[in-house]
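See structure below.
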Amino acid sequence: MRKADGLFKLIGLCLLAGVLVAGMLFPVVGAAGVMSNQASETVEKTSSDLADIPPPLVTTVTDSTGKPIATLYNQYRLPITENQINEAMKWALVSVEDKRFYEHHGVDWQGTLRAAVSNSTGADTQGASSLTQQLTKNYLINVVYRNDPIGQKKAQEQSISRKLKEARIAINLETKLTKQQILANYLNIVEFSRQIFGIGAAAHAYFDTVPEKLTVPQAALLAGLVNNPINNDPWNHPDKATARRNLVLDRMVDNKKLAKADADRFKAEPLGVVPDSPKKPPANCIGAGPESGFFCQYVEDYLLKAGGMTKDQLYTGGYTIKSTLDERANHEAKVSAEAQVNKTQPYIANTLSLIKPGKDRHEVVALAANRDYGQNQDAGQTTYTLPAGVYNTGGAGSTFKIFTSAAALDKKIAGIYSPVDMPDSYTSHVFWTAKSGCSTTPTGKPNSYWYCVGNAGDYSRVGANATLQTALATSPNTTFVALEDQLGGTGPAIDMAKRLGLRDTMASNTGGGQVDRNVKGKNKSQAEEYGPTGNNPGYGAFTLGFSPVSGLEMGNVAATILSGGVWCPPTPIVGVTDRNGQAVPIKEAPCEQAVPEGLANTLAVGMSKDDQPGGTSAKAAGDVGWNRPMVGKTGTTQANVSAAFVGGTPQLAGAAMTFKFGGGKGGICDAGPGKVSLCPGGRDGNIFGGHAPARTWFGAVSKILDGQPEAPLPQPDPQYMGGGAR
């Protein structure tokens with residue numbers, strides 16, 4: 001019965017062989033038929049895809065000098081040319097995978113029929129695909145259908161139709177490419193396990209060498225891997241890898257490309273792969289390291305969101321992305337952030353974002369944190385974009401008084417030299433709240449009271465001649481809530497926040513994330529949530545900065561003010577080139593005159609006293625011997641759970657923020673540099689913007705600007721100066 005079965009299979013095989021041969025020929029002999037035309041078009045299209053769809057390559061991110069800092073990829077591939085295939089690799093691969101490679105024209109009919117007979121008669125299963133056919137299949141799986149599981153499955157299905165199509169494509173390719181080109185294409189596409197694709201990457205990852213220098217046993221190991229990369233992995237399965245390598249050496253002997261004595265000698269050698277695991281760079285921003293990882297992550301996020309790229313393009317395009325990262329500035333920022341808050345301090349992040357002001361670009365030069373960028377949480381590492389992201393950090397506190405001041409100047413309600421009051425407490429008659437707070441005065445509305453606010457210190461020392469400039473330096477809460485009253489609500493201040501730089505911040509929800517109109521409680525942006533409505537003037541506490549915020553965007557606010565009111569996106573990109581070295585256009589938002597230049601210049605002068613005696617950051621400035629003209633503003637939130645400092649010179653602007661991150665109870669206690677922690681017992685904190693945040697900013701910027709000339713602040717515009725004491 002078994003002999004009869006074998007006979008029937010053999011007869012069927014002969015018929016199949018006839019069908020296959022006819023299938024190869026019918027586009028020629030029956031070109032007038034519809035089926036023939038459709039089949040030919042399919043083959044031509046697939047062949048075209050193999051020629052036109054480029055393989056995924058590694059994208060490289062560099063710093064501002066062009067020094068590589070990270071690689072982004074899905075497939076680790078280092079392309080080679082035909083001339084980089086040495087004889088050892090060529091003959092190892094041909095001997096084990098396609099002995100008659102240089103004799104056939106895309107399909108090894110002799111091998112195909114031999115394998116089919118062997119398989120049909122119950123002998124060991126044998127493969128029959130030529131290297132050209134394997135190139136077709138691998139290109140479809142690893143390139144054309146890399147993101148299409150259904151397409152990948154079809155490219156691997158065991159069916160006559162798939163084999164027929166694959167064979168016809170292989171024959172088509174052999175009319176267009178030389179044997180050396182086919183071999184080079186195959187060796188650039190094939191997988192070697194662990195995200196390693198192509199002989200260039202494999203030579204580096206397995207042996208820390210280049211393809212031209214592969215030895216015979218090294219080439220034999222790699223040639224043996226392509227049959228089953230996972231099963232023959234030399235680190236996980238060294239015995240199987242050794243056996244497979246030795247089989248390749250034997251096939252090279254059979255193919256008369258290696259002497260038996262040499263093969264026996266090579267078999268006695270160890271595998272010789274690099275220790276422990278393949279030598280390849282990390283596939284994402286982890287490769288940028290603990291200092292530059294935050295910057296790299298911002299580069300990626302920026303290109304995905306603002307640059308018009310998809311993640312697949314970014315991770316497969318083989319781009320070179322030259323960033324604006326100044327590694328020296330970033331290092332100083334990192335050192336300063338860590339000096340204030342230890343990197344392993346639980347539940348506290350300390351960040352610093354630095355940007356170059358300008359009227360045509362705002363280049364981000366540093367994004368640093370006390371935490372290291374990485375995945376080891378036990379060591380305090382994180383991959384959250386702490387310096388740039390919008391997080392529910394507790395807020396940036398009184399730095400938001402910048403926006404109230406800008407709105408007051410814009411509406412001509414006050415100038416920087418206009419006299420202002422600084423009462424110990426202030427009760428609004430514009431804003432109301434459901435809690436009585438420091439006032440029990442009802443509004444006449446059900447269960448509501450006029451919003452009341454007090455100061456965090458004694459302002460009687462300031463004197464009777466206080467101006468808005470004085471208030472910006474000393475930061476009384478009552479003064480700025482009173483200004484909000486004069487503005488008639490939070491609308492003008494929120495508008496200024498968006499115009500000056502808080503674009504993503506104001507567009508995020510109250511948790512700091514994206515607005516989701518389909519989720520209850522998260523259907524409003526911060527601008528909508530805290531701004532006025534038809535029957536509500538908004539939240540009077542907006543000027544006190546209690547809402548989620550991006551530290552990078554706060555830094556860009558200072559850059560906008562110091563750029564004559566010109567807002568530009570905080571860009572981390574100098575330029576992008578593709579795999580061929582051609583420039584790639586990036587879809588960045590254009591710069592815009594966010595506020596009148598005179599207003600911005602006058603506001604800068606209004607913010608120029610914070611580092612002076614009596615200002616909230618004076619001590620931090622004095623500790624580093626600061627003597628440059630600058631703008632500055634500190635901020636602290638309720639219960640001292642977060643604090644911030646926004647500052648800048650005409651050469652460099654930025655923001656430092658110290659905030660709770662990842663949990664914990666109570667406020668933040670600041671006992672000096674390196675002694676910042678959550679307060680014992682969950683009590684309120686004592687940190688202020690003039691403490692750790694200001695120390696972080698001045699500690700870094702004073703060193704970064706060391707040796708550079710002082711740059712003066714702009715002159716104020718009389719229409720925004722006001723008429724008070726000067």
Side-chain angles (χ1 to χ4, degrees), residues 55-61 67-81 84-93 95-97 138 142 184 186-249 252 258 262-263 265-290 292-293 296 315 318 374-376:
L57 294 185
V58 175
T59 288
T60 301
V61 181
K67 172 187 170 185
I69 62 169
T71 50
L72 313 176
Y73 61 86
N74 292 330
Q75 297 181 6
Y76 180 47
R77 178 180 282 108
L78 305 176
I80 61 163
T81 64
Q84 291 175 284
I85 309 173
N86 71 6
E87 292 297 302
M89 189 67 235
K90 180 190 306 180
W91 290 116
L93 181 65
S95 296
V96 73
E97 291 294 327
N138 277 278
N142 298 333
Y186 176 86
L187 283 171
N188 274 327
I189 294 303
V190 70
E191 182 179 3
F192 288 91
S193 84
R194 305 196 190 202
Q195 286 184 282
I196 301 167
F197 291 78
I199 193 64
H204 177 262
Y206 282 72
F207 300 109
D208 194 18
T209 188
V210 292
E212 303 97 310
K213 296 182 179 180
L214 286 169
T215 65
V216 172
Q218 288 173 342
L221 174 64
L222 295 179
L225 271 173
V226 301
N227 175 265
N228 193 328
I230 296 176
N231 190 60
N232 298 319
D233 184 295
W235 292 278
N236 290 337
H237 307 291
D239 293 342
K240 292 180 180 179
T242 301
R244 182 69 181 169
R245 178 199 66 176
N246 293 346
L247 173 64
V248 176
L249 293 170
M252 293 177 73
L258 184 66
D262 289 332
R265 176 166 54 85
F266 291 142
K267 288 180 183 180
E269 292 186 8
L271 293 177
V273 294
V274 297
D276 303 323
S277 62
K279 184 177 182 180
K280 62 175 184 175
N284 49 43
C285 285
I286 296 295
S292 300
C296 175
Y315 274 68
Q375 296 175 321
N376 186 349

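Along the sequence shown, residues are numbered consecutively beginning with 1.
- Under a 3.5 Å cut-off, the side chain of Asn188 and the backbone N or O of Ile80 do form a donor-acceptor pair.
- A salt bridge (Lys or Arg N to Asp or Glu O under 4.0 Å) check over residues 222-247, counting only residues at least two apart or in different chains, returns the pairs Glu97-Arg244, Arg194-Asp233.
- Here the straight-line distance linking atom CG of Asn232 with atom OG1 of Thr242 works out to 10.0 Å at 0.5 Å rounding.
- Annotation: the span from Thr81 atom OG1 to Leu187 atom CG amounts to 11.5 Å, rounded to 0.5 Å.
- Qualifying salt bridge (charged side-chain N to carboxylate O under 4.0 Å, His left out) partners for Lys90, counting only residues two or more places apart in sequence or in other chains: Glu87.
- Rounding to the nearest 0.5 Å places CG of Leu72 at 11.5 Å from CD1 of Ile286.
- With sequence neighbours left out, the side-chain contact (heavy atoms from CB on, under 4.5 Å) criterion links Asp276 to no other residue.
- Residues Gln195 and Tyr73 share a closest heavy-atom pair of NE2-O, 4.0 Å.
- Considering CG of Asn246 and CG of Leu221, their distance stands at 10.0 Å, rounded to 0.5 Å.
- Asp262 and Leu258 get closest at one heavy-atom pair: CB-CD1, 3.9 Å.
- For Asn142, the side-chain contact (heavy atoms from CB on, under 4.5 Å) partners are Gln75, Asn138, Ile189, Glu191, Phe197, not counting sequence neighbours.
- Tested against Ile196, the residues Lys280, Arg77, His204 include a single side chain to side chain contact (heavy atoms under 4.5 Å, CB included) partner, Lys280.
- When all heavy atoms of Leu249 and Ala263 are compared, the pair lying nearest together is CD1-O, 4.0 Å.
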| message | Before you tell me yes or no, could you show the steps for Ile69 and Cys285 under side-chain contact (heavy atoms from CB on, under 4.5 Å), namely the whole-Å CA-CA distance, both residues' side-chain angles and the distance that decides it to 0.1 Å? | response | CA-CA 9 Å; Ile69 62 169; Cys285 285; over 6 Å; no
Can you give each donor-acceptor pair under 3.5 Å made by side-chain atoms of residues 207-215, sequence neighbours left out, with the distance rounded to 0.1 Å?
from   : atom 1 : to     : atom 2 : distance (Å)
Asp208 : OD1    : Lys279 : NZ     : 3.1
Asp208 : OD2    : Lys279 : NZ     : 3.0
Glu212 : OE2    : Gln84  : NE2    : 3.4
Thr215 : OG1    : Gln218 : N      : 3.3
Thr215 : OG1    : Gln218 : OE1    : 3.3

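- For the pair Trp235 (side chain) and Val274 (backbone), a donor-acceptor distance under 3.5 Å is present.
- Among all heavy-atom pairs drawn from Ala241 and Pro234, the shortest one is CB-CA, 3.7 Å.
- The salt bridge (Lys or Arg N to Asp or Glu O under 4.0 Å) contacts involving residues 196-206 comprise nothing, where partners must be two or more places apart or lie in separate chains.
- The shortest heavy-atom contact between Ala205 and Tyr76 is CB-CE2, 4.5 Å.
- The shortest distance between side-chain heavy atoms of Leu93 and Val226 falls below 4.5 Å.
- Using a 4.5 Å heavy-atom cutoff, the side chains of Leu271 and Pro217 are not in contact.
- Of all heavy-atom pairs spanning Cys296 and Ala70, the tightest one is SG-CB, 3.8 Å.
- With contacts defined as side-chain heavy-atom distances shorter than 4.5 Å, the pair Phe192/Ile199 qualifies.
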